[in-house]
Amino acid sequence: MRQGCAMRSTRFLLLAASTAALAACSGTAAKADDDAVTLHALDRPGFTSADSDDSASDRVADEIVVDFKDGFTKAQFDALEQDWGIDLELADQEEGQDSAITVAHLAAGEDVDALLARIRANPDVEAAEPLMTFHSSYVPNDPDFEKQWNLKAINMPKAWERSRGKGVVVAVLDTGVAYENYDGFIQVPDLEGVTFVPGYDFVNQDSHPNDDHGHGTHVAGTIAQATNNGKGVAGVAFEASVMPVKVLDHFGSGTTAAIADAIRWAADHGAQVINMSLGGGGRSAVLENAVAYARKKGVVVVAAAGNNGRGTVEYPAAYPGAVAVGAVGPTGAKAPYSSWGKELDVAAPGGDKSQGEAGGILQNTIDPQDPSRSVYASYQGTSMATPHVAAVAALLWAAGAKSPDQVEKAIFASAHPPQGQRGWTEQFGHGVIDADAALKALKKVSAAGDFTPTEVPATGEQVMGVGASSQPAVLAFPSVEWAPLAWGAALLVLALVTLNKRARPGYLNVLLRPAFALPLVLATVGVFALRWVVPPSEVSVAWTLPLPDWLQKIIFGRGTLANPLVYSALGPIIASLVAIKAKGFRPVVAGLAIGFAGILGYTAWAKAPALAWLPFTFLAIPWLVVNALICVVIARAMLKKDA
């Protein structure tokens, strides 16, 4: 809008003075060609309504707006009304006298585009377009929303005006979700009111996929944290439904078999989007087949590119049919840890805490050291970037997308390439996602992408009895975690090298001695061979657990904090007392002590959940380390040769 005749006169004088000054300067100096700047001509706007991607829902029915050249009088535009067949009125009786912006109501069914084309042909018209309504962007009342730079970075306040993911099912394949109060587990407060559909726990083989790590709950929060509830933070698709599927244990590890089975199960149970904030370097045909199975069932599969910071996208993100997601920080630059490469599809906010704690992604989750405690934690990683993309996919399904192709095309076409680059790059894929732009782009996606999901037979070997079945997986043996055994073997070296040469037995002589090796194996990997000789049952599955885990589960049950007496040197200490007189029992005690040292050391290194009874959760790791060293000392004493 213009500000009146007086102001225009002032502008004219300033413009004239500026022109004279520039003319004078041009006689004495000239800019180099590479410094020249081309400005848009002012006789016509660079943008016309023909370029608009406005939503039909934003248009005022049968109304147009015509902007004449400033000062164009009512008498002048009245003369044009008969030719155009419309009745033009000033938009504002006071300002309209100067701005010459008019509106007109059209007869129902009139060809608006044809009329606008005729009007725009008039040289006195600066712009003509449908009349539209603008709205204030949706701003939730969550008190820490202002700390969520990531949601603003993908244009969520505007996107929420178009879609909030209502009714779309997003499966979160992760460490579980803190979605219920059950058997020692809790629902975190900022997931109260979120819609959950039944999930499954492929680690513990039950229907309660609770989180004992914290990673999965954080990811689920980015997708669908309860929003506008006056509490905590917001989520991207907060009206979507979350399907919690636990495939990673409390160390954050899982097998390709369990993950592949979970992908198929989620696809068979109504998931429209699968989020996998997980990955590894090895290619698996079983996992690749599962991704293809879900894609053919009509599921959008989204996975993390990885955090190795190198030019290699991890699996399953690198498989065909999966959307591979890299990470950017608060400035929009690639996060230093984010993997990249030819399989990368898009980037999304994943955080960069090298810029401070505020540079991470803030969501409500459980304390990794105490699953019974709720915290608001700032994480970083492609694991955090991935749920942004999965949630935008949910927004698109809710907005009317008909197929995974349409969802992905809308996300890719609307992504913003990094500044100074054009098109797809290995560092950013198609660019950084924009939720609002993706919803607008959905309208332009070709109808050729329409897709009707069909039943697809399972390919390859069925894992854990699921395949194409719609029933939950049958009881199965957990995967063997060999890391504690490797830790035990390494700590055995530590025990032996500290002995005097005369008192030191040979390493292989010790390791290959059955009396030593058997308790070492039982303490670190359990009776792992049972999986190959007997069918899985509650008893046989329990026997495949490492000895401390077996004692914890049998005595105290799942869902409780780990008992510090179980995860300590207490067992080896008691056994060593017996071995003082029974010297033939010493190799057994040594193997048991090294086994306990191995699993305690690995548990400390993996930062497993807190121990019960300790006054401060940070004491858990020192407790584990000290007791692991005590076990090494016991093993050293038991292995020492008599003088």
Side-chain angles (χ1 to χ4, degrees), residues 250-251 369-370 481-499 503-505 507 510-511 513 515-527 542-543 545-557 560-641:
H250 63 284
F251 294 117
Q369 302 298 316
D370 183 355
E481 179 62 76
W482 297 105
L485 182 59
W487 272 74
L491 291 173
L492 173 60
V493 174
L494 175 64
L496 292 177
V497 298
T498 58
L499 286 171
R504 183 194 310 154
Y507 182 79
V510 173
L511 198 60
R513 189 173 182 179
F516 176 88
L518 184 59
L520 169 62
V521 170
L522 288 176
T524 53
V525 293
V527 190
W543 276 106
L545 297 173
L547 186 56
D549 289 352
W550 181 84
L551 292 171
Q552 173 69 28
K553 184 172 183 178
I554 297 300
I555 299 173
F556 300 102
T560 58
L561 288 179
N563 190 289
L565 297 180
V566 173
Y567 292 88
S568 73
L570 179 62
I573 289 173
I574 294 173
S576 67
L577 297 177
V578 177
I580 292 176
K581 292 186 177 181
K583 293 186 178 181
F585 190 56
R586 289 184 178 182
V588 175
V589 177
L592 183 69
I594 286 295
F596 265 75
I599 195 163
L600 295 179
Y602 173 67
T603 303
W605 176 79
K607 299 180 180 179
L611 302 173
W613 307 345
L614 297 182
F616 303 103
T617 57
F618 71 85
L619 293 176
I621 291 178
W623 172 273
L624 294 169
V625 171
V626 168
N627 278 274
L629 293 175
I630 293 173
C631 288
V632 172
V633 172
I634 293 171
R636 180 181 180 279
M638 295 296 106
L639 293 171
K640 183 178 181 180
K641 290 181 180 180

Asker: For R513, look at atom CZ and say whether over 12 heavy atoms of other residues, nucleotides or ligands are found less than 6.0 Å away.
Answerer: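 Not more than 12 within 6.0 Å, no.
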Asker: Donor-acceptor check, side chain of W623 to backbone of Y567, threshold 3.5 angstrom: yes or no?
Answerer: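 Such a contact is found between W623 side chain and Y567 backbone.
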Asker: Less than 4.5 Å apart, any side-chain heavy atom of V589 and any of V578?
Answerer: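 Heavy-atom side-chain distance check fails, nothing below 4.5 Å.
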Asker: Would you compute the distance between atom CG of L545 and atom CG of L551 and round it to the nearest 0.5 angstrom?
Answerer: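 Interatomic distance, L545 CG to L551 CG, rounded to 0.5 Å: 10.0 Å.
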Asker: What's the separation between atom CD1 in I573 and atom OG in S568, rounded to the nearest 0.5 Å?
Answerer: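 Result: 7.0 Å between the selected atoms.
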Asker: Which pairs of donor and acceptor atoms, one on a side chain in residues 594-601, lie under 3.5 Å apart (sequence neighbours left out)?
Answerer:
none

Asker: With a 4.5 Å limit on heavy-atom distance, are the side chains of P505 and L499 in contact?
Answerer: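 The answer is yes, as the side chains (C-beta and beyond) meet within the 4.5 Å cut-off.
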Asker: Which atom names give the shortest non-hydrogen contact between A590 and A635, and what distance separates them?
Answerer: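 Residues A590 and A635, closest heavy atoms: O-CB, 3.8 Å.
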Asker: Could you check whether any side-chain heavy atom of L592 comes within less than 4.5 Å of a side-chain heavy atom of I634, counting everything from C-beta outward?
Answerer: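 No, their side chains stay 4.5 Å or more apart.
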Asker: Show your working on side-chain contact (heavy atoms from CB on, under 4.5 Å) between V633 and L629 and close with a plain yes or no.
Answerer: CA-CA 6 Å; V633 172; L629 293 175; 5.6 Å; no
Asker: Would you say that L570 contacts I574 through its side chain, given a criterion of any heavy-atom pair below 4.5 Å between the two side chains?
Answerer: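 Counting from C-beta outward, L570 and I574 do come under 4.5 Å.
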Asker: Less than 4.5 Å apart, side chain to side chain, heavy atoms only: is that true for W482 and T524?
Answerer: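 No - every pair of side-chain heavy atoms lies 4.5 Å or more apart.
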Asker: Taking R586 for its side chain and M638 for its backbone only, find out whether a donor-acceptor pair lies under 3.5 Å.
Answerer: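 Between the backbone of M638 and the side chain of R586 there is no qualifying donor-acceptor contact (under 3.5 Å).
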Asker: Please report the closest heavy-atom contact between V566 and P548, naming both atoms and the distance.
Answerer: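 Reported closest heavy-atom pair: CG1-O, 3.3 Å.
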Asker: Can you measure from OG1 (T498) to NZ (K640) and round to the nearest 0.5 angstrom?
Answerer: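 It is 10.0 Å, given to the nearest 0.5 Å.
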Asker: Any chance you could lay out the side-chain contact (heavy atoms from CB on, under 4.5 Å) test for V521 and L518, step after step, and finish with the verdict?
Answerer: CA-CA 5 Å; V521 170; L518 184 59; 5.5 Å; no
Asker: If you look at every heavy atom in Y602 and A483, which pair is closest and at what distance?
Answerer: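 Answer, listing the atom of Y602 first, then A483: CE1-CB, 3.4 Å.
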